[in-house]
J.: 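For reference, the structure I am asking about is given below.
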Amino acid sequence: QVQLVESGGGLVQAGGSLRLSCVASGLTFSSRALGWFRQAPGKEREAVAAINSIGTLTYYVDFVKGRFTISRDNAKNTVYLQMSSLKVEDTAVYYCAGIFWSTKAPIGSWGQGTQVTVSS
């Protein structure tokens with residue numbers, strides 16, 4: 001059974017930084033592309049960033065380009081999201097998930113997410 005555990009969220013002022021982590025188990029981590037998603041109150045879950053299985057390719061949606069960096073450590077079964085220059089509109093619950101690299105669509109179940117709140 002796949003388990004994804006996100007952590008690292010919190011309350012930060014606009015312009016600040018946070019580093020999210022997601023530890024995965026129950027899957028062959030090193031063979032799976034991964035993505036970070038977020039869901040703000042009253043909005044649908046949306047993709048934020050993705051990384052291929054060996055960490056050589058990354059993808060970002062336009063509104064986080066230049067501010068967020070996705071990375072992974074296959075030895076630790078962990079994917080990270082370094083977020084900087086945070087904006088109020090980045091406030092959301094952030095989730096990680098395995099994805100299809102071609103479509104960036106999520107595969108399987110979600111973890112509990114980690115709350116990121118950016119204050120003005």
Side-chain angles (χ1 to χ4, degrees):
Q1 185 175 353
V2 176
Q3 259 200 321
L4 302 161
V5 180
E6 301 93 342
S7 63
L11 175 63
V12 63
Q13 285 193 325
S17 299
L18 282 174
R19 187 195 196 201
L20 307 184
S21 299
C22 172
V23 180
S25 59
L27 72 165
T28 307
F29 187 85
S30 60
S31 67
R32 185 70 59 87
L34 298 163
W36 282 97
F37 300 77
R38 70 186 188 186
Q39 186 167 22
K43 295 189 177 181
E44 292 190 354
R45 197 171 321 205
E46 60 184 357
V48 173
I51 189 165
N52 69 342
S53 60
I54 56 174
T56 56
L57 296 174
T58 56
Y59 163 85
Y60 300 94
V61 295
D62 285 346
F63 53 78
V64 304
K65 281 181 180 177
R67 300 190 299 122
F68 291 10
T69 302
I70 189 171
S71 61
R72 65 190 294 160
D73 185 340
N74 284 352
K76 295 182 179 179
N77 279 16
T78 303
V79 60
Y80 304 98
L81 186 68
Q82 178 69 47
M83 306 186 296
S84 59
S85 301
L86 282 163
K87 304 177 181 180
V88 172
E89 51 264 42
D90 293 319
T91 295
V93 179
Y94 284 72
Y95 303 86
C96 69
I99 62 166
F100 294 106
W101 178 252
S102 58
T103 61
K104 308 304 183 286
I107 304 168
S109 58
W110 299 94
Q112 84 290 347
T114 187
Q115 175 71 49
V116 172
T117 303
V118 185
S119 63
S120 58

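Computed from heavy atoms alone, side chains included, the values below leave out hydrogens, waters and symmetry copies.
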J.: Please name the pair of heavy atoms, one in Cys96 and one in Val79, separated by the smallest distance, quoted to 0.1 Å.
T.: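 That closest heavy-atom pairing would be CB-CG1, 4.3 Å.
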J.: Is atom CD of Glu44 surrounded by more than 12 heavy atoms (other residues, nucleotides or ligands) closer than 6.0 Å?
T.: no
J.: Just wondering, are more than 12 heavy atoms of other shown residues or ligands nearer than 6.0 Å to CD in Gln3?
T.: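 Incorrect, the count does not exceed 12.
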J.: Within this structure, what is the CG-CD1 distance for the pair Leu57 and Ile70, rounded to the nearest 0.5 Å?
T.: 11.5 Å
J.: Quick check for you: to the nearest 0.5 Å, what is the distance between Cys22 atom SG and Leu81 atom CG?
T.: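 Here the rounded value is 10.5 Å.
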J.: About how many Å separate CZ of Phe100 and CD1 of Ile107, when rounded to the nearest 0.5 Å?
T.: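 Spacing of CD1 (Ile107) from CZ (Phe100) equals 4.0 Å.
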J.: Given 3.5 Å as the limit, does a donor-acceptor pair link the side chain of Lys104 with the main chain of Trp101, or not?
T.: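 Present.
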J.: May I ask you to say whether Lys65 pairs ionically with Asp62, meaning some side-chain N is under 4.0 Å from a carboxylate O?
T.: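 Judged by the 4.0 Å cut-off on N to carboxylate O distance, Lys65 and Asp62 do form a salt bridge.
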J.: For the OG atom of Ser120 and the CD atom of Glu89, what is their distance to the nearest 0.5 Å?
T.: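 If I round to the nearest 0.5 Å, the distance is 10.5 Å.
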J.: At their closest point, which heavy atom of Arg67 faces which heavy atom of Asp90, and how far apart are they?
T.: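 Looking at all heavy atoms of both residues, the closest pair is NH1-OD2, 2.7 Å.
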J.: Between CG of Leu4 and OG of Ser25, what distance do you get to the nearest 0.5 Å?
T.: 7.5 Å
J.: Between Val2 and Ser109, which heavy-atom pair has the shortest distance, and what is it?
T.: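 Taking every non-hydrogen atom into account, O-OG, 4.0 Å.
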J.: Indicate if Leu18 and Val5 have the same hydrophobic cluster label, given that clusters are the connected sets of ILVMFWY residues with side-chain heavy-atom separations under 4.5 angstrom.
T.: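 No, Leu18 does not connect to Val5 through the hydrophobic network.
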J.: Do Trp110 and Phe37 have side chains that get closer than 4.5 Å, going by heavy atoms?
T.: yes
J.: Are Val93 and Thr114 side-chain neighbours, meaning at least one heavy-atom pair lies under 4.5 Å?
T.: no
J.: Is Leu27 reachable from Ile51 through a run of hydrophobic residues whose side-chain heavy atoms are each under 4.5 Å from the next?
T.: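 They do not share one cluster, since no chain of ILVMFWY contacts under 4.5 Å joins Ile51 to Leu27.
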J.: Mark yes or no for whether Asn77, through its side chain, and Val23, through its backbone, hold a donor-acceptor pair below 3.5 Å.
T.: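 No, because the side chain of Asn77 does not come within donor-acceptor range (under 3.5 Å) of the backbone of Val23.
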J.: Quick one: CG on Leu86 to CZ on Phe68, what's the gap to the nearest 0.5 Å?
T.: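 If I round to the nearest 0.5 Å, the distance is 5.0 Å.
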J.: List the steps and the verdict of side chain to side chain contact (heavy atoms under 4.5 Å, CB included) for Glu6 and Gln112.
T.: CA-CA 7 Å; Glu6 301 93 342; Gln112 84 290 347; 3.4 Å; yes
J.: Ser53 and Ser31: which non-hydrogen atoms are nearest, and at how many Å?
T.: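 That would be CB-C, 3.6 Å.
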J.: Given side chain to side chain contact (heavy atoms under 4.5 Å, CB included), test Tyr94 with Met83 step by step and report yes or no.
T.: CA-CA 11 Å; Tyr94 284 72; Met83 306 186 296; 3.9 Å; yes
J.: Does Arg45 use its side chain to pair, donor to acceptor, with the backbone of Tyr95 at less than 3.5 Å?
T.: no
J.: Determine, for Tyr80 and Arg19, whether the Lys NZ or Arg CZ falls below 6.0 Å from the six-membered ring centre while staying within 45 degrees of the axis.
T.: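 Yes - Arg19 lies over the ring of Tyr80, closer than 6.0 Å to its centre and within 45° of its axis.
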J.: Mind listing the closest non-hydrogen atom pair of Ser119 and Val88 along with its distance?
T.: C-CG2, 4.1 Å
J.: Indicate the atoms forming the closest heavy-atom contact of Val116 with Leu20, along with that distance.
T.: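 Distance-wise, the nearest heavy atoms are CG2-CD2, 4.0 Å.
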J.: Are Arg72 and Phe29 in a cation-pi setup, meaning NZ or CZ lies under 6.0 angstrom from the ring centre and within 45 degrees of the ring axis?
T.: yes
J.: Quick one: does Tyr60's side chain get under 4.5 Å of Thr69's, heavy atoms only?
T.: yes
J.: Within the distance-only criterion (no hydrogens, no angle test), does the side chain of Thr91 pair as donor or acceptor with the backbone N or O of Val118 below 3.5 angstrom?
T.: yes
